[in-house]
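Working notes, beginning with the structure itself.
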Number of protein chains: 2
Amino acid sequence: MKESIDLTSKLMAQGYRLTPQRMMVLSAIQKSDNHISAEEIYAQVVAGYPCVNISTVYRTLELLKRLDLVTETDLGGGRVRYHPADKGHHHHLVCQECGRIIDLGETVLASLGNRLHREYGFRADLKHLAIFGRCADCQG
Amino acid sequence: MKESIDLTSKLMAQGYRLTPQRMMVLSAIQKSDNHISAEEIYAQVVAGYPCVNISTVYRTLELLKRLDLVTETDLGGGRVRYHPADKGHHHHLVCQECGRIIDLGETVLASLGNRLHREYGFRADLKHLAIFGRCADCQG
DNA sequence: GTGGAGTCTGCAAGTATTCGCAGTTACGAT
DNA sequence: ATCGTAACTGCGAATACTTGCAGACTCCAC
Ligand SMILES: [Mn+2]
Ligand SMILES: [Mn+2]
Ligand SMILES: [Zn+2]
Ligand SMILES: [Zn+2]
């Protein structure tokens with residue numbers, strides 16, 4: 001239950017409350033190994049607590065993002081996907097032609113992040129990005 | 001009218017047709033100096049051709065993107081914005097705290113693009129990106 | 001000219017996500 | 001305990017965009 005203590009303290013520190021809905025949304029994200037969508041989170045939550053509303057799921061996701069507990073990434077499938085922040089940062093190259101997704105380590109964007117900070121004083125959020133383009137097999 | 005010839009040839013080359021709707025959408029984007037939204041394009045088009053539908057605007061934008069005549073960028077205002085590709089590539093740093101937008105030259109992402117091509121054979125679409133984070137004044 | 005085969009469009013319905021509101025709940029202070 | 005304030009939630013409506021469909025328009029072959 002380490003992450004539930006983490007959640008509690010992060011919430012309390014800023015005047016937020018720990019509700020069953022919030023616990024269940026975070027736990028659904030933790031449980032899923034891959035990137036999970038809001039609809040999929042909602043389905044899991046509803047299974048154990050039937051009258052939650054999907055707008056509560058979206059509001060909770062917004063909050064968890066702000067607390068840096070989950071990352072949100074648009075991988076191009078028409079719906080955004082979520083990932084627990086403590087399972088490691090990484091990025092993706094998404095081929096717009098064939099849909100292939102190449103995984104990238106966190107470090108690939110590190111030097112860009114450093115440069116943006118050095119030259120512009122800007123702290124870029126480079127925790128979980130998708131970069132679109134064409135993979136090696138799909139160049140025309 | 002150089003860009004209209006450009007549009008015609010690019011369309012014809014792939015079996016597409018040149019319609020008044022398509023000309024007007026592209027011209028609305030060319031006319032606007034800043035980044036323009038679909039709704040704003042629609043308003044301009046409707047002024048000269050009242051029965052066009054907004055879904056035609058969206059479909060045309062999809063096409064113009066595929067032809068590399070316009071770029072699409074999510075600058076965080078809840079609606080995506082469009083920019084003519086021939087007015088020069090560039091990028092933006094968007095502060096999630098205060099909304100400030102810092103403009104970036106095309107070159108800032110060039111070495112990342114080269115690296116992705118060298119190491120992964122991936123041709124990243126780095127024509128007009130928004131990178132989110134916190135500006136120098138908003139670090140806490 | 002006529003007749004397809006596509007291509008394109010308006011319209012209406014659908015999807016993913018957000019927002020306003022009014023009732024409920026949690027927490028701290030008395 | 002009880003009261004007040006603020007946070008939180010479900011619900012329904014709104015928003016930005018997408019999609020299916022059926023009619024209209026183009027282009028080309030004959
Ligand atoms: Mn990922
Ligand atoms: Mn721009
Ligand atoms: Zn590919
Ligand atoms: Zn700022």
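Residue numbering restarts at 1 for every chain, and letters A, B, ... go by the order of the sequence lines. Computation of the quantities below employed the complete heavy-atom set of this structure, encompassing side-chain atoms and omitting hydrogens, waters and symmetry-equivalent molecules.
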Atom pair distance, as rounded to whole Å: [atom1] in [X] and [atom2] in [N]:
X       : N      : atom1 : atom2 : result
B:Lys65 : D:dC17 : NZ    : P     : 10 Å
A:Ile41 : C:dT17 : CD1   : P     : 10 Å
A:Arg66 : D:dA7  : CZ    : P     : 12 Å
B:Glu72 : D:dC17 : CD    : P     : 8 Å
B:Leu11 : C:dT7  : CG    : P     : 13 Å
B:Glu62 : D:dT19 : CD    : P     : 8 Å
B:Leu64 : C:dC8  : CG    : C1'   : 14 Å
B:Leu18 : D:dC25 : CG    : C1'   : 14 Å

### Query
Would you say D:dC17 has OP1 or OP2 under 4.0 Å from some side-chain N or O of B:Tyr58?
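Yes, such a contact exists.
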
### Message
Would you say A:Gln14 places a side-chain N or O within less than 4.0 Å of OP1 or OP2 belonging to D:dA7?
### Response
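It does not, given that no N or O in the side chain of A:Gln14 lies less than 4.0 Å from OP1 or OP2 of D:dA7.
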
### Side-chain heavy-atom pair B:Thr73, B:Leu129 within 4.5 angstrom cut-off
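Not touching, per the 4.5 Å side-chain cut-off.
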
### Residue pair B:His92 / B:Asp103, side-chain donor-acceptor N/O under 3.5 Å
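The answer is yes; a qualifying pair exists.
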
#### Entry: Polar side-chain atom of B:Arg100 near backbone of B:Cys95 as donor-acceptor pair, under 3.5 Å
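Between the backbone of B:Cys95 and the side chain of B:Arg100 there is no qualifying donor-acceptor contact (under 3.5 Å).
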
### Query
So, A:Glu40 side chain and A:Ser37 main chain: donor-acceptor pair closer than 3.5 Å or not?
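Yes, because the side chain of A:Glu40 sits within donor-acceptor range (under 3.5 Å) of the backbone of A:Ser37.
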
### Message
Under 4.0 Å between a side-chain nitrogen and a carboxylate oxygen: does that hold for A:Lys127 and A:Asp68?
### Response
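Counted as a salt bridge, because a side-chain N and a carboxylate O are separated by less than 4.0 Å.
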
### Query
Is a salt bridge present between A:Glu62 and A:Lys65, judged by a nitrogen-to-oxygen distance below 4.0 Å?
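So A:Glu62 pairs with A:Lys65 through a salt bridge.
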
What protein N or O atoms touch nucleotides 27-30 of chain D N or O atoms at under 3.5 angstrom, if any, and at what distances?
none

### Query
More 5' along DNA chain D: A:Pro20 or B:Ala38, using each one's nearest nucleotide?
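Taking each residue's closest nucleotide, the earlier one in sequence belongs to A:Pro20.
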
### Message
Tell me every residue that passes side-chain hydrogen bond (donor to acceptor under 3.5 Å, both in side chains) with B:Glu97, counting only those two or more places apart in sequence or in another chain.
### Response
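For B:Glu97 the side-chain hydrogen bond (donor to acceptor under 3.5 Å, both in side chains) partners, ignoring immediate neighbours, are B:Arg134.
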
### Task
Applying side-chain hydrogen bond (donor to acceptor under 3.5 Å, both in side chains), name anything that partners B:Thr71, two or more places apart in sequence or on another chain.
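Partners of B:Thr71 by the side-chain hydrogen bond (donor to acceptor under 3.5 Å, both in side chains) criterion, ordered by chain and then number, come out as B:His128.
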
### Query
Tell me, which pairs form a side-chain hydrogen bond (donor to acceptor under 3.5 Å, both in side chains) where one or both residues lie in residues 14-28 of chain A, sequence neighbours left out?
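As it turns out, the side-chain hydrogen bond (donor to acceptor under 3.5 Å, both in side chains) pairs with a partner in residues 14-28 of chain A, which skip direct neighbours, are A:Tyr16-A:Arg66.
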
Below 3.5 Å is the cut-off: list the nitrogen or oxygen pairs between protein and nucleotides 13-15 of chain D, distance only.
none

#### Entry: From A:Ile29 atom CD1 to A:Tyr82 atom OH, the distance as rounded to the nearest 0.5 Å
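Here the rounded value is 8.5 Å.
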
### Task
For the side chain of B:Thr19, starting at C-beta, report the closest nucleotide among C:dC8, D:dG10, D:dT18.
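Of the options given, the side chain of B:Thr19 lies nearest C:dC8.
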
Distances for protein N/O vs nucleotides 19-21 of chain C N/O pairs under 3.5 angstrom?
residue : atom : partner : partner atom : Å
C:dG20  : O6   : A:Arg59 : NH1          : 3.2

### Query
Quick one: do B:Leu67 and B:Leu126 end up in the same hydrophobic cluster if we chain Ile, Leu, Val, Met, Phe, Trp and Tyr together by side-chain heavy atoms under 4.5 Å apart?
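As far as the 4.5 Å side-chain criterion goes, B:Leu126 and B:Leu67 are not connected within one cluster.
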
### Query
Is B:Val52 reachable from B:Leu11 through a run of I, L, V, M, F, W or Y residues, each pair having side-chain heavy atoms under 4.5 Å apart?
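They do share one cluster, since a chain of ILVMFWY contacts under 4.5 Å joins B:Leu11 to B:Val52.
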
### Message
On DNA chain C, does the nearest nucleotide to B:Tyr16 precede the nearest nucleotide to A:Glu39 from the 5' side, or the other way round? Give the residue.
### Response
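Its nearest nucleotide lies further toward 5', so the answer is B:Tyr16.
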
